Structures are given as C-alpha cells and as structure tokens.
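Here the structure is laid out as structure tokens; the discussion comes afterwards.
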Amino acid sequence: MKTIELSEQYLMKTYGRQPIAMSKGSRGVCIAEDGKTYIDFGSGIGTNSLGYCDADWADAVCAQVRAIQHTSNYYYTAVQSQLAQQLCTITGYSRVFFGNSGAEANECAIKLARKYSFDRYGQGRGTVITLKNGFHGRTMTTLAATGQDVFHNYFFPFPEGFVYAEANDLADLQAKLDDTVCAVMVEMIQGEGGVNVLDASYVQAVAQLCAEKDILLIADEVQTGVGRTGSFLASQQFGVTPDITTLAKGLGGGLPIGACLAGAKCAEVLGSGTHGSTFGGNPVVCAGAVAVLNRVTEPGFFESVQEKGEYIREVLESCPEVEEISGMGLMIGIRLKNMQAADVLAAAREAGLLVLTAKDKVRLLPPLTISKEELDAGLEILLQILNS
C-alpha cells in the first residue's frame, strides 16, 4: 500500500504503527484505504471525543478556516476568548493558557507552580512530586516528571526537580514533602500506566496536605478531562478542586490543543513574556473545542457517558477471561487471566475492531458519542476473541 510504503521510507520510526492506512470515518467507525471498516474503541487515544467528523464540529471548524486561520497571540480572536470563557465557567477556574498538546499543558503547569513558589518564597522551592507509574508527556521536562523508569533512558541529562512517590501511599508522599517542594502532580486515573484509579481518600488527603503547606496540587487531566470519566473533570468525582488542571486530548475533538487552567490562587502568576506558544489557542482549533464544549455540556451528556461505561462493564464482567475491569466512565482497562493484551489488540484489528493497550491491560477509550449499535457490534467482536 503506497501510504504505508511512503511512511516507512520517509517518517522517523518513532511509533509502533498498526498496518492500517486510515481514509475516512463517521461517528464511531472508520474506513481504511483498502475499504475495510473498523469500529473504533480507541478514538485516537481519546482525542476524537465526538467521534469521526461530527457534523456540528466539522461545520464550526470549516467556518473558522474560511474566516481566519491564524493570527498569533499578539492579537485577540473572538473564538479563543469564547473558549477561555466557556472553560473557566464550566470548571470554576479563573484563567487558562492554551498550548498544542498535553505535554505542553503540563509544561505550563510546572512552570506556573515553580514561579508561584519563587514569587512567594524565593529560590530553592522548585521540586515537583509526581506518582510512580504516572505519565505526563514526552518532552524532556514531562519525561522527567513521568514516574516510570522505562522512560528515563537515552536522553540524558534529564531536567532536575522531580521526586516520585508511591501512588495511594500517603506516608510515602508525606515523607517527601520537604521544604523544597512547590507542587504535587497527579493523574486521578493513570492512563498510560494501566488505567489505575487513585483512591478518593488518598487524593483528598493529598489535597489537604498541599493546602496546609501552600503547595500547589496539579491534576493532569489530559486523558481524563472533558467528560471522559462521566463528569467534565475527573476531580469532581474525587471531591477535590486542584489549584491547576491540565487538559488536552478530547478537548479539541481531534485537533491539537492543550489547556492549563489556574485557580484564583495562582491565576496571575504568569505575566507577559513568562510563557508563550506560537500556535497555542489557534482559532481553528478553538472553534473545534467550542463545538466539543457545546456538545458535552448538553443536558444528560455526562449521564450517557456513565451509562455506556456501566454497560461495557456489565457485558465484559460475564466473560470468564476477564480478571478485572478498572477505570471510570468511558476510560476502561481490562486485565485478562491468560491472554496477552497485545494479542487481543492484533486479533481485534483483524476482526474489524480497534482497541488500545496500557501496560498489561486492554484499554478502551471509545468516542463519548458512540451509539449503542456501535458499542454492541464492537463488544461482540471483543467477546468472540476473549472467549476463543
């Protein structure tokens, strides 16, 4: 196939690609160049939150392309301002910075936390505690922030200032909360780390400790945010309001965007010249994000995400091969008893279903708008594989 051959010849081989050349799609289904149809339970690793080519989303994006596609952040655009207002209104945060990815959003959060601490306490208080098995991105700084040894290779020297604590172990975190710490950064659900849900009591205790010591709590909601777990932010289901929250993936509906949301405590920390992004808050991308927000905030939307997630769990729990199901909403991890997740992914692909893996689990991140018919068709394929 020409597309795959050209890619193999000219692209850096930084991805373990599946042998599929995507051509087009609609809702929860995509079609390859060879005409084969796939039900997509991965949605571009959670980015196609409204599925493929949602009509309202596509209309908003196309209209913006024909109006003005880019201005740089030396100027204002109505759509960027609208998106900022909507995000802050929905979440209760005071200000937002727009970048192009989850890694950029997390970089912003780290810079924000360190400058907040510098402004108040001076130098020597820049350490960020993250959790083991977490994942925060692939830039040099976010790799350093990622608490997985497998990522800490090749690219030495890594930026300093990160300490890793055991997830759900409050004593371990307390032992590392010394006078050099400015922030604690967590994923409420560790996505790449295996769809591991933190204990709500642990998250609440961490939030309390941070508040007592004027240490900022950063929630990395790059994968969990914008309705993925059945609420706009996963933190809402954990009973905490972090000082900083980062978003990306599903926010743009398939276009590249990252957002760093700051609460009142640190909303004014980053002033002119302290941070920036050429493409951050691009009008076309913002138009797509506004369409996403308009959809997910419709009455009953989050409830539908929860219902679909519960339905998937009910179906899979009846399968003898399934040992454990983790996650929340439409962010699901499946631990198997005997089969390997990579083998299930390959078999599903051959049968017309796209799934993901996370560590030793099969990972499901279907479009939030996936239909019951698409869910049933995909689950039927998955069950046939697991029961074989």
Side-chain angles (χ1 to χ4, degrees), residues 1-25 30 32-34 38 40-49 52 99-110 130 132-159 162 164 185 187 190-195 220 222-224 246-259 277-280 282 285 331 333 340-346 348-350 354-365:
M1 186 178 295
K2 188 176 182 181
T3 296
I4 294 177
E5 291 171 357
L6 287 174
S7 297
E8 289 296 306
Q9 182 175 355
Y10 294 109
L11 288 172
M12 289 189 186
K13 296 187 177 181
T14 55
Y15 304 104
R17 296 181 189 266
Q18 299 296 310
I20 304 171
M22 298 293 193
S23 176
K24 55 186 177 180
C30 61
E33 286 183 358
D34 61 6
Y38 298 88
D40 191 354
F41 276 14
S43 61
I45 317 182
T47 58
N48 294 335
S49 47
Y52 290 98
N100 305 288
S101 67
E104 285 191 27
N106 286 337
E107 289 260 1
C108 180
I110 292 164
T130 65
K132 294 180 181 179
N133 221 34
F135 181 85
H136 300 292
R138 292 183 181 273
T139 63
M140 290 297 289
T141 297
T142 55
L143 276 178
T146 292
Q148 298 186 52
D149 290 339
V150 67
F151 292 106
H152 300 157
N153 205 356
Y154 309 123
F155 310 113
F156 305 104
F158 286 98
F162 295 95
Y164 315 113
M185 186 174 189
E187 298 168 280
Q190 296 177 325
E192 303 299 323
V195 196
D220 177 344
V222 166
Q223 192 166 143
T224 57
T246 58
L247 303 172
K249 291 193 180 291
L251 177 58
L255 293 176
I257 188 170
S277 171
T278 297
F279 290 105
N282 171 273
V285 178
M331 182 176 182
Q340 299 297 311
D343 294 337
V344 173
L345 181 150
R349 182 190 69 232
E350 292 303 311
L354 303 180
V355 299
L356 303 165
T357 60
K359 298 290 187 181
D360 61 344
K361 294 178 182 177
V362 175
R363 178 171 43 154
L364 307 182
L365 297 170

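Hydrogens, waters and symmetry mates are skipped; everything else that's a heavy atom, side chains included, is used. Here the structure is a predicted model, which means the values were calculated and not measured.
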Can you check whether Phe279 reaches Val285 side chain to side chain, under 4.5 Å on heavy atoms? no
Residues that Ser49 engages under side chain to side chain contact (heavy atoms under 4.5 Å, CB included), provided they are two or more places apart: Val292, Leu368
Output all residues satisfying ring-ring contact (aromatic ring centres under 6.0 Å, His included) with Tyr164, sequence neighbours left out; order by chain, then residue number. His152
N/O donor-acceptor pair under 3.5 Å between Gln148 side chain and Gly134 backbone: yes
For Asn133, the side-chain hydrogen bond (donor to acceptor under 3.5 Å, both in side chains) test, sequence neighbours excluded, returns none
On a heavy-atom basis, the closest approach of Gly99 and Ser277 is CA-OG, 4.3 Å
Donor + acceptor pair across side chains of Lys359, Gln190 (<3.5 Å): no
What pairs with Phe151 under ring-ring contact (aromatic ring centres under 6.0 Å, His included), at least two apart in sequence or on another chain? Phe135
Taking side-chain hydrogen bond (donor to acceptor under 3.5 Å, both in side chains) as the test, write out the residues that go with Gln340, two or more places apart. none
Less than 4.5 Å apart, side chain to side chain, heavy atoms only: is that true for Asp40 and Met22? no
Side chains of Asp220 and Thr130 in contact at under 4.5 Å (non-hydrogen atoms): no
Hey, does Cys108 have a side-chain heavy atom less than 4.5 Å from the side chain of Thr246? no
Do Lys249 and Thr47 touch side chain to side chain, with heavy atoms closer than 4.5 Å? yes
With sequence neighbours excluded, what pairs up with Lys132 under the salt bridge (Lys or Arg N to Asp or Glu O under 4.0 Å) test? Glu166
Search all heavy atoms of Thr357 against all heavy atoms of Ala342 and return the closest pair with its distance. CG2-N, 4.2 Å
Heavy-atom pair of closest approach, residues Val195 and Lys361: O-NZ, 3.8 Å
Verdict with supporting geometry, Leu364 and Val355, side-chain contact (heavy atoms from CB on, under 4.5 Å): CA-CA 6 Å; Leu364 307 182; Val355 299; 3.7 Å; yes
Taken in chain and number order and not counting sequence neighbours, the residues that satisfy side chain to side chain contact (heavy atoms under 4.5 Å, CB included) with Glu107 are Thr139, Thr141, Thr142
For the residue pair Ile110 and Ala145, what are the closest heavy atoms and their distance? CD1-CB, 4.3 Å
Checking Ala259 now: which residues fulfil side chain to side chain contact (heavy atoms under 4.5 Å, CB included) with it, not counting sequence neighbours? Leu87, Val96, Phe98, Leu247, Leu251
Rounded to the nearest 0.5 Å, what separates atom CE in Met185 from atom CG in Asn106? 3.5 Å
Quick one: does Lys24's side chain get under 4.5 Å of Tyr52's, heavy atoms only? no
By side-chain hydrogen bond (donor to acceptor under 3.5 Å, both in side chains), which residues pair with Arg138, not counting sequence neighbours? none
On a heavy-atom basis, the closest approach of Glu33 and Ser23 is N-CB, 3.9 Å
For Phe156, which residues count as a ring-ring contact (aromatic ring centres under 6.0 Å, His included) partner, sequence neighbours excluded? Phe158
Partner set under salt bridge (Lys or Arg N to Asp or Glu O under 4.0 Å) for Asp360, not counting sequence neighbours: Arg335
Results of side chain to side chain contact (heavy atoms under 4.5 Å, CB included) for Glu8 - residues two or more places apart only: Ile4, Lys13
Student check: side-chain heavy atoms of Ile20 and Cys30 closer than 4.5 Å: no
Is there a side-chain contact between Thr224 and Glu187 in this structure, where contact means two heavy atoms from C-beta onward sitting under 4.5 Å apart? no
